[in-house]
Amino acid sequence: MNGILDFPETFRRADGRPAPVEVLTRSRRSAGTVLRATRLLTQRMPLTRLPSAKIRAHRELVPERDGGSVEGYTYPTSGAELDNIADILRRAHLEDGIPWSEMAVLVRAGARTLPALRRSLSAAGVPLDIDGDDLPLRHEPAVAPLLTALRAVSAGAGEAPPRKGGSGGGGTGVGVPGVPDVTGVQDGPDGPDGPDGPDVPEEEVPEAVGDGAAPATGDASGPDVAPRPDVELGPDVPPGPTITRAPDAPPGPATSPRPDAPPGPPASPAADGADPNWISTETAQTLLASPLAGMDVADLRRLGRALREEERAAGNPAPAPSDVLLARALAQPERLVAHDPAYARGAQELGALLRKARERLEGGGTAEEALWDLWSGTGWPRRLQRAARRGGAAGRNADRDLDAVCALFATAARAEERTGGRGALNFLEEVDAQDIAADTLSGRAVRPDAVRLMTAHRSKGLEWRLVVVAGVQEGLWPDLRRRGSLLEADRIGLDGLADPLPPGALLAEERRLFYVAATRARERLVVTAVRAPADDGDQPSRFLTEFGVEPKDVTGRPKRPLSVASLVAELRATTVDPRVSDALREAAARRLARLAALTDDEDRPLVPTAHPYRWWGMDDPTESAVPLRERDAPVVLSGSALDQLANTCALQWFLGREVKADEPATAAQGFGNVVHVLADEVASGHTPADLDVLMERLDSVWDGLTFDAPWKSDQEKEQARVALERFLKWHVMDRAGRTPVGSEHDFDVTLPAGPYEVRIRGSMDRVERDAEGRAYVVDFKTGKNAPSAAEMARHPQLAVYQLAVREGALDDVFDGARPEAGGAELVHLRQPAPRKEGGETVPKTQAQEPLAGEWVGDLLATAAGKVLDERFTPSPGQQCTHCAFRAACSARPEGQQVVD
């Protein structure tokens, strides 16, 4: 504004007269409709210091050409908004013939909006060009593993953490020693998105890449995050931590260190005497699963189990969890030399790289040098190089990641040149604090044939045929928060300190920025926002109604996005749709065949998903030549298996018990194992019925359980204390004259069940003799749910116990005599009894009366028939909530797309 006002006096004519100021009245960029919409915006933008006649003439611009369009859309969710933006861009390219390079998506806040937009548009097949300085480095998937590794080796090298507000926090923009520079735009989100970015295919690298062996991979499977320690509690009880009884001595101290406490000496000390705990478990898991190591979950599980077996072989009966051992092995890679390279090579090579980078920093090396050691020493660079050369979607991902890695090295080099010797941790602190990651002073070539994705600030002076202004939300655009920094350097002027901008001035500034974004469009302008159904949800900005177009509410996602994947999906659905004609199904099949036959220059299929050999559910159900059970032998079952087979879900039983595809043991199972063992010790007399003694025994094995966080471990330990306290109260109370006669009693009986024979094996937690001399079975439960009264009457597990008593399972306990079954009960140690039965200090109990009728035999016959006939059909119900096989179950929506 001042430039226009001062121009006549500053640039006078040769004769001394003031220079004239001319008003441009013709717009050569925007078409007529777009120009008229943006002119409406200018009516709300005050220009009080310019002559009114000239302002009026300027705002009555005449378009160079007519036509164009202006559209506004609102969507119920941000996901729907992103999907529809991708659809708008693809339709403009495929239907209207607009080149990708003639389209742009502009946003207000880059750090908040650009990452989600990039992920969504890339997934939809829209090629993107993003300036590196529009996206902070910490949000780049390829950069996150390198930053995580650098942070680990920096801390391991003994660098002091940067002091907040000290000289390590950055240069000083106001010349005050020891005060960090807070005048820049450094108030972005906290910390990086996380160390794990998307699994990017092989991608290109800069010219000078070092050599390194490609890490090994293995079969995909779940990580061994909850190891199965060794304890025998019977077939019905999953394994848990080992409790070693000392017959003549009190329980000893813990044999396994707590993950968050300094562990004891390793099984094989490092050759250089390095601390084996300088890498945290979370960091180790992140780095091992990153491209730096290239290990998959199967490798991690196998290596974790091998390390636990190594600890046991070294004399440690209760080894630390596998994630703790993996972290120690990564800190001491020489421990992995004796393990199979098929699953240990990636960890061993990464450990050597981390040690090399750590030694580099300890020897005075820079962050840039340590990063280069980490980057060039793996097979990741060559994988990136091959992927980038192949092109396509994987090549675009490779180019994106390589740009990010190059920007990281450039940033590290500039940081060292600017403030050398500050250390790697200070460099990491600076990267984490930045909202603008790259050097805005250095230009970068624009990638051809790609949609530009950038902030409205950076779009000044640029133009495109189609512009989408996305995320125009109230509170985000306009953003009426105070600008500036802690020292308010923006208020420093020629005449001293200026007053802070009032809200009205901030609103005018935001409207001018929105005007800049809208005027980048030559032919078509699209403005989008989210209108949440709830009143307190996201709402469109006031700007959405200021350019003369009523926004349209779009209630869902596009019916079929214009992408190859969507086309293949629709054609596949048509080929099997009975509602369409035979001619249409045949035409769809022919188009799929044409797509499947397309190949690139190296004879690789361009659309592999179009070929039936890549489709799930195409093969007929298979039948094994070997039967699951021999028909002439009894069917072996347990009480809990009977309930699953007959009442819950036969498919869940088959996949979990027979295929052994269930998830690893959880901390909740370990909790139950420990409590069961301690209850057995008290009942058998090996441990006194004293809470302090039991807690000491609990401490000795608790660290063998794996929890998601230390606070969760503390919470569960307190729950275990309460459960043991309730058990002791129940143990010493009068229970209608019943006395204990056995604990953890194993049994194995064969029962007739209709045309079949069923062999029942299991373990009874507690056996008692009632006042009438009958056998009474008690089963301890440590879960958080209890069956209803109606379910208790026909509880399969308790019924099987009573049936086993009839068949002689307890004859040896009752001195060779066969007792009569007097009933059974569940004791819920995690749940308090009703107030009238004792309240919080007593466990909840649920009793089952002695068996009556033949319903148990019918249940056994049903279960045995399903096993012998191999009828493992899914049965939807409450059990589906926690089932590990939902993604492969034809009774669930998420599984139908896999198997149907």
Side-chain angles (χ1 to χ4, degrees), residues 218-228 233-240 296-302 304-305 322 615-631 633-670 672-673 706 756 758-762 783 785 796-797 800 859-900:
D219 298 332
S221 180
D224 186 17
V225 295
R228 297 177 182 267
L233 295 176
D236 290 341
V237 184
D296 58 23
V297 289
D299 293 334
L300 293 175
R301 171 181 286 183
R302 294 169 67 189
R305 288 176 174 172
S322 59
W615 301 351
W616 288 94
M618 292 299 296
D619 295 332
D620 294 330
T622 57
E623 294 185 4
S624 174
V626 179
L628 185 67
R629 293 284 193 277
E630 296 293 341
R631 285 191 170 270
V635 179
V636 180
L637 295 174
S638 64
S640 57
L642 174 64
D643 188 25
Q644 263 192 319
L645 273 168
N647 296 333
T648 307
C649 180
L651 180 62
Q652 189 182 61
W653 174 86
F654 173 72
L655 294 176
R657 303 258 181 163
E658 294 297 312
V659 181
K660 308 296 184 185
D662 211 344
E663 295 178 344
T666 63
Q669 290 173 314
N673 296 341
T706 301
Y756 313 110
V758 179
R759 183 182 177 187
I760 300 293
R761 296 189 302 185
N785 300 313
Q797 188 172 2
V800 165
L859 204 64
L860 288 171
T862 300
K866 287 184 178 181
V867 173
L868 292 176
D869 297 339
E870 300 185 10
R871 292 182 282 112
F872 306 120
T873 55
S875 302
Q878 293 182 348
Q879 70 275 3
C880 296
T881 306
H882 304 290
C883 181
F885 314 113
R886 287 176 295 177
C889 178
S890 60
R892 299 286 302 177
E894 54 266 49
Q896 288 175 352
Q897 62 179 343
V898 175
V899 298
D900 287 354

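Atom set for the values below is all heavy atoms of this structure, side chains included, hydrogens, waters and symmetry mates excluded. A quick note: this is a predicted structure, and the numbers were derived from the prediction, not measured.
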**Student:** One pair to check against side chain to side chain contact (heavy atoms under 4.5 Å, CB included): Arg657 and Gln644. What are the steps and the verdict?
**Tutor:** CA-CA 10 Å; Arg657 303 258 181 163; Gln644 263 192 319; 3.6 Å; yes
**Student:** Pro796 versus Leu859: any side-chain heavy-atom pair under 4.5 Å?
**Tutor:** yes
**Student:** So how far is it from Gln878 CD to Asn785 CG, rounded to the nearest 0.5 Å?
**Tutor:** 9.0 Å
**Student:** If you define the side chain from C-beta out and look only at heavy atoms, does anything of Leu868 sit under 4.5 Å from Tyr756?
**Tutor:** yes
**Student:** In Å, rounded to the nearest 0.5 Å, how long is the span from SG of Cys889 to CG of Leu655?
**Tutor:** 8.5 Å
**Student:** Look only at the side chain of Lys866 and the backbone of Ala650, and say whether a donor-acceptor pair between them is shorter than 3.5 Å.
**Tutor:** no
**Student:** Between Arg301 and Ser322, is there a side-chain heavy-atom distance shorter than 4.5 Å?
**Tutor:** no
**Student:** Going through the checks in order, is the side chain to side chain contact (heavy atoms under 4.5 Å, CB included) test met by Arg761 and Val636?
**Tutor:** CA-CA 7 Å; Arg761 296 189 302 185; Val636 180; 3.6 Å; yes
**Student:** Looking at CZ of Phe885 and SG of Cys649, how far apart are the two atoms once the value is rounded to the nearest 0.5 Å?
**Tutor:** 9.5 Å
**Student:** In Å and rounded to the nearest 0.5 Å, what is the CD1 to CG distance from Ile760 to Leu642?
**Tutor:** 6.0 Å
**Student:** Are Arg631 and Asp869 close enough that some pair of their side-chain heavy atoms sits under 4.5 Å apart?
**Tutor:** yes
**Student:** Can you check side chain to side chain contact (heavy atoms under 4.5 Å, CB included) on Leu637 and Trp653, steps first, answer last?
**Tutor:** CA-CA 11 Å; Leu637 295 174; Trp653 174 86; 4.2 Å; yes
**Student:** Walk me through whether Arg629 and Glu658 qualify under side chain to side chain contact (heavy atoms under 4.5 Å, CB included).
**Tutor:** CA-CA 11 Å; Arg629 293 284 193 277; Glu658 294 297 312; 2.9 Å; yes
**Student:** Is the closest basic N to carboxylate O distance between Arg302 and Asp296 below 4.0 Å?
**Tutor:** no
**Student:** Of all the heavy-atom pairs spanning Arg892 and Cys880, show the shortest one and how long it is.
**Tutor:** NH1-CB, 3.8 Å
**Student:** Side chains of Ser875 and Thr648: closer than 4.5 Å at any heavy-atom pair?
**Tutor:** no
**Student:** Classify the ring geometry between Phe872 and Phe654 as parallel (under 30°), tilted (30 to 60°) or perpendicular (over 60°).
**Tutor:** parallel
